[in-house]
Amino acid sequence: VTGASDDPREALRHALAQLTVSQRQALERALREEPPAEILVAAVVPEPGAAPPDAETIRGHVAERLPSHHVPSVVVAVQELPRLTSGKVDVAAIAPASVPAPSGASHDLTPVEAWLAEVWAEVLGVEVADARCDFFDLGGTSLTGMRMIVEIAAVLGVEMRLRALFGSSRLGDFAAVVGALARADPSAVRRLEVVAEVYGLTDDEADAGLEPAASAEVAR
Amino acid sequence: MGARRCDPRVHLWLVPLDVEPDPGLERVLDRSERSRRRAFRREEDARAFLLSHVALRCVLGRHLGCDPAALRFKIAAGKPRLDPARHPAGPEFSLSHTGGLAAIAVGWDRPVGVDVEAIPERFPVWDVASRCFHERERAVLEAEAPAGLVPAFHRVWCRKEACLKATGVGLTDRMCAFSTVDAPDPDGPVLVDMAAVGSPPVYVQDVGLGTSHAASLACSRPPSGVERLLYAW
C-alpha cells in the first residue's frame, strides 16, 4: 500500500470522480474546513492475476498495524504506480489511472485551458483535448517548453518561470498556475479575461476559467 | 572498445532512432522507464525514449562490463547518474534525443553534458532569444544572414543546454545570465563562465552534424579529445 497524500487536494480531486455522491459530499465538506483536512489516498497494486482487494479489507489491514491517521480514506487499485519523468510516483495520476476512461471521453476544457491547449498543440504538433494531458507525455522538451512559456508570458504581459511548467505539466494544473500568475497583476487579469472570452462560449464559462486559480493559489 | 578507467577522452555516441525496435528491447528498461515510455501519447516519442534509453544502458553496461538491464540510476545533484551505491566507479554521462537522433556523452572522470536539437524550418528565434540568450549571443544571431538564423539559434541553444546539463544546474530562468559564444580560439572549446548561475565554469564545443541537427558537448574540464562513435543497432 502506497500512501499518495503528498498533495491531498490534487489526489482527492481525481479520486472524487470515482466516489459515490454521498461519499463525495462528505469529503468535500471535510476539505472546505480550516485548517484544510488531510485525506489519505492509497494506491494499491494487486499481485499480477489477483483480483484487487476491496477498500474495507485494505483499511482493516492497515488499521490493525498502524495508527489511525495512517488509515486511508480512499483506496484505488492500479496496475502500476505511474511515475513522472523524474522517476517519482506521479501522485496526481494515481486515481485516474485506476479507471479506464470512457471511450472518446475528454474533460471539458475551461476557456483558459482551451487557449493553453491550442498553444501546446501548436508548439508540440499534437492535439490536446483533455485537461489531464501532460506536456512531457505529449513529447514536450525543454526547448518547446521554453517556447511555450515565452508565448504565454508575452500574451499576459507577465514574467513566467519555467519552473511553473516542470511542477505542473498537466494542462489543467498548468492552467491553474497561469490563472494564479495572472491574478497577481491587474492588467494580466484583464488580458486573461479577454483570452477567456475568445475561447469561452459564455461569460459564465469565462469566469469558470479563472476560478481554478483561486484554489490553486491556496493549494500551492 | 570500452574506454579505460580515467580515459581522458570523452566518448560521444550518436544513436540513430529511425529504426524499428526489436520487441524484446523493453526488457532492458526498468519499471520506471517502461512506465515512462508508455506514458507518451505519440508512438514516435515512445520509440525514441525506448531506443535512446536502451542505447544508454548498453553503452554504460559495456563500459562497466555489466548487464545493461542491471544498471541502476539515481537523480543526484540535479541530473540522472548511475547509483553510486551500485556502481561506485561508474562514469559520468549525459543523454539527449530529438528528431530521429540521440547523443550520449560518457566521461570517466569529469561531468559531461550533451544536447542535440533537430533544426526546424521555422522557429520564433527572437521570442526565445530575447528572453533566454545573453546579449553577446543575441549579437551573434544579429550578425547572421536570414537563412542562417534558425540553425545559429539552435547551435547556441544546444551550447547553453549542454552547459546546464554538465553542471547539473538544469534548465533555469537565468539562461540569459551566461554567454557561450566568447571563444578565444574559434576551433577550440569555449570556456563558459557560469558564475551567474552559481556554477563553476565549463568548456563547451559544437558537434558538427550537418544541416539537420545542432549539437553541443560540455565538460567541466577541457576534453583532451572527443571520440565520436556511431551506435549500431
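Note that the structure is predicted; figures quoted are calculated from it, not measured. Below, chain A is the first sequence line, B the second, and so on; all start at residue 1.
- Around the CD atom of B:E144, the shell of radius 6.0 Å holds more than 12 heavy atoms that belong to other residues, nucleotides or ligands.
- Chain A forms more heavy-atom pairs under 4.5 Å with one residue of B:D115, B:I75, B:D45, B:T98 than with any other, namely B:D45.
- Residues B:R42 and A:V126 form a side-chain contact, since some pair of their non-hydrogen atoms from C-beta on lies under 4.5 Å apart.
- Proximity to chain A is limited to the side chain of B:E161, based on heavy atoms less than 4.5 angstrom apart.
- Considering NZ of B:K160 and OG of A:S142, their distance stands at 13.0 Å, rounded to 0.5 Å.
- Within the 3.5 Å criterion, the main-chain N or O of A:L162 finds a donor-acceptor partner in the side chain of B:D173.
- Taking the charged nitrogens against the carboxylate oxygens, A:D134 and B:R41 have no contact shorter than 4.0 Å, which rules out a salt bridge.
- Note: A:R147 CZ to B:R131 CZ = 15.0 Å, rounded to the nearest 0.5 Å.
- Taking every heavy atom of both residues into account, A:F136 and B:F40 meet most closely at O-CE2, 3.4 Å.
- In this structure, CZ in B:F123 is found 4.0 Å from CG in A:L143, a value given to the nearest 0.5 Å.
- Heavy-atom distances place no part of B:E44 under 4.5 Å from chain A, backbone and side chain included.
- A donor-acceptor contact shorter than 3.5 Å is absent between the side chain of A:R161 and the backbone of B:T172.
- Minimum interatomic distance between B:W157 and A:M146 (heavy atoms only, all atoms of both residues): CH2-CB, 3.8 Å.
- Atom CZ of B:R37 sits about 13.5 Å away from atom CG of A:D137, to the nearest 0.5 Å.
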